[in-house]
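Every heavy atom of this structure was used, including side-chain atoms; hydrogens, water molecules and symmetry mates were not. The structure displayed is predicted, hence computed values, not measured ones.
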Amino acid sequence: MTDLDAARDRVAAALEEIPAGDGPLLIGLDVDGTLVDHDGDMTDAMREALRRAADEHEVVIATGRSVGATVPIVKAAGVQHGFAVCSNGAVTLGIENGEHRVIATRSFQPGQALATLREVAPDAHYAVEMADGTFHATPGFQDASFGVRAIENDIEELMQLEAVRVVVHVPDLSPQEFSRVVAESGVQGVEYAIGWTAWLDMAAPGISKASALEEIRAELGIDRARTVTVGDGFNDTEMLQWAGVGVAMGQAPQGVKDSADVVTASVYDDGTVMVLDALRA
């Protein structure tokens with residue numbers, strides 16, 4: 001048996017534990033490292049599997065990306081009706097006939113957290129995402145994940161803004177080194193997750209992809225046992241633990257795998273396609 005065969009069997013066995021029901025499942029899907037690789041490429045097989053799943057189930061794109069960078073993925077997934085979760089749970093979109101609108105935002109005051117981090121990471125880049133989708137960032141900090149061009153401000157100005165998400169990036173540190181810096185800083189009053197690089201996302205207390213998905217689940221009236229989530233990053237751990245079946249990608253860090261019920265193949269082997277194919281009616 002090949003590694004892919006073993007992964008397929010693991011996934012199928014885990015998903016068979018989902019209770020039977022007449023309605024659709026709620027499927028929450030991370031984007032980067034889950035639907036697209038870390039170069040931003042989506043395979044044809046992934047695109048086709050997404051569209052089939054969206055026809056049969058409630059597919060919710062759940063990402064750290066901003067609205068502007070999420071909408072193209074929603075369209076690629078063929079989601080015509082339903083919801084999407086952006087900015088690690090801080091923004092929820094309603095989707096109707098392929099068009100989106102912001103239906104909920106969860107904002108916070110980042111000033112104290114930024115001041116604390118500035119003391120321990122003075123060379124970091126900082127960006128604040130606003131409820132209207134605009135970004136304000138320290139000079140020279142632009143990133144495709146913002147979905148828009150950031151407006152440049154100094155950090156003192158950023159500290160006065162009301163945010164739905166704050167991004168902190170230190171190019172010269174590894175994720176492990178950055179984790180230690182953040183832990184030692186004693187940042188309080190926010191939720192935060194560190195990504196593949198020395199990149200930190202901050203949100204309001206209690207806000208995560210899981211918290212937003214729970215609100216959507218309750219509105220749709222889907223039993224929590226009939227929910228599936230797939231992700232590969234530390235900002236996915238809450239939703240992997242929340243779901244009836246949480247699936248970690250094969251290339252995910254061990255800490256993410258430990259939070260999941262089962263591990264699929266990597267994004268480079270279309271591990272999410274494996275999950276969606278196993279859920280076909």
Please check if the side chain of Arg165 supplies one atom and the backbone of Ala203 the other of a donor-acceptor pair under 3.5 Å. no
Around Asp3, counting heavy atoms of other residues, nucleotides and ligands shown, do more than 12 lie under 6.0 Å from its CG? no
Can a side-chain donor-acceptor contact be found between Ser87 and Glu129 if the only test is distance below 3.5 angstrom? yes
The reported gap from CG in Asp236 to CG in Asn88 (rounded to nearest 0.5 angstrom) is 8.0 Å
Run Ile18 and Leu279 through side-chain contact (heavy atoms from CB on, under 4.5 Å) and show every step you take. CA-CA 10 Å; Ile18 297 174; Leu279 292 171; 4.1 Å; yes
Whether Lys209 and Asp30 form a salt bridge (side-chain N of Lys/Arg under 4.0 Å from carboxylate O of Asp/Glu) is what I want to check. yes
Leu276 and Leu50, any side-chain heavy atoms less than 4.5 Å apart: yes
Got Arg52 and Asp277 here, is their nearest side-chain heavy-atom distance under 4.5 Å? yes
Got Arg224 and Trp242 here, is their nearest side-chain heavy-atom distance under 4.5 Å? yes
Phe141 vs His169 aromatic rings, parallel, tilted or perpendicular, using cut-offs 30° and 60°? parallel
Side-chain contact, heavy-atom cut-off 4.5 Å: Thr227 with Leu213? no
Please check: side-chain N/O of Ser66 versus main-chain N/O of Phe146, any donor-acceptor pairing under 3.5 Å? yes
So does Ala150 get a backbone contact from the side chain of Gln142, meaning a donor-acceptor N/O pair under 3.5 Å? yes
Measure the spacing between NE2 of His136 and CG of Leu158 and express it to the nearest 0.5 Å. 8.5 Å
Is a salt bridge present between Arg51 and Glu48, judged by a nitrogen-to-oxygen distance below 4.0 Å? no
Identify whether the distance between the nearest side-chain nitrogen and carboxylate oxygen of Asp5 and Arg8 falls below 4.0 Å. yes
Of all heavy-atom pairs linking Val256 and Ala248, the shortest is O-CB, 4.2 Å
Flag side-chain contact, heavy atom, 4.5 Å: Thr92 against Arg106: yes
Do Glu215 and Phe83 have side-chain heavy atoms sitting under 4.5 Å apart? no
Between Arg118 and Glu156, does at least one N-O distance fall below 4.0 Å, as a salt bridge requires? yes
Hey, are the side chains of Thr272 and Leu35 touching, using non-hydrogen atoms and a 4.5 Å cut-off? yes
Can any side-chain N or O of Glu58 pair as donor or acceptor with the backbone N or O of Gly82 at less than 3.5 Å? no
Tell me whether the count of non-hydrogen atoms from other residues, nucleotides or ligands lying under 6.0 Å of CD in Glu219 goes above 12. no
Do Thr116 and Val120 have side chains that approach each other closer than 4.5 Å (heavy atoms only, starting at C-beta)? no
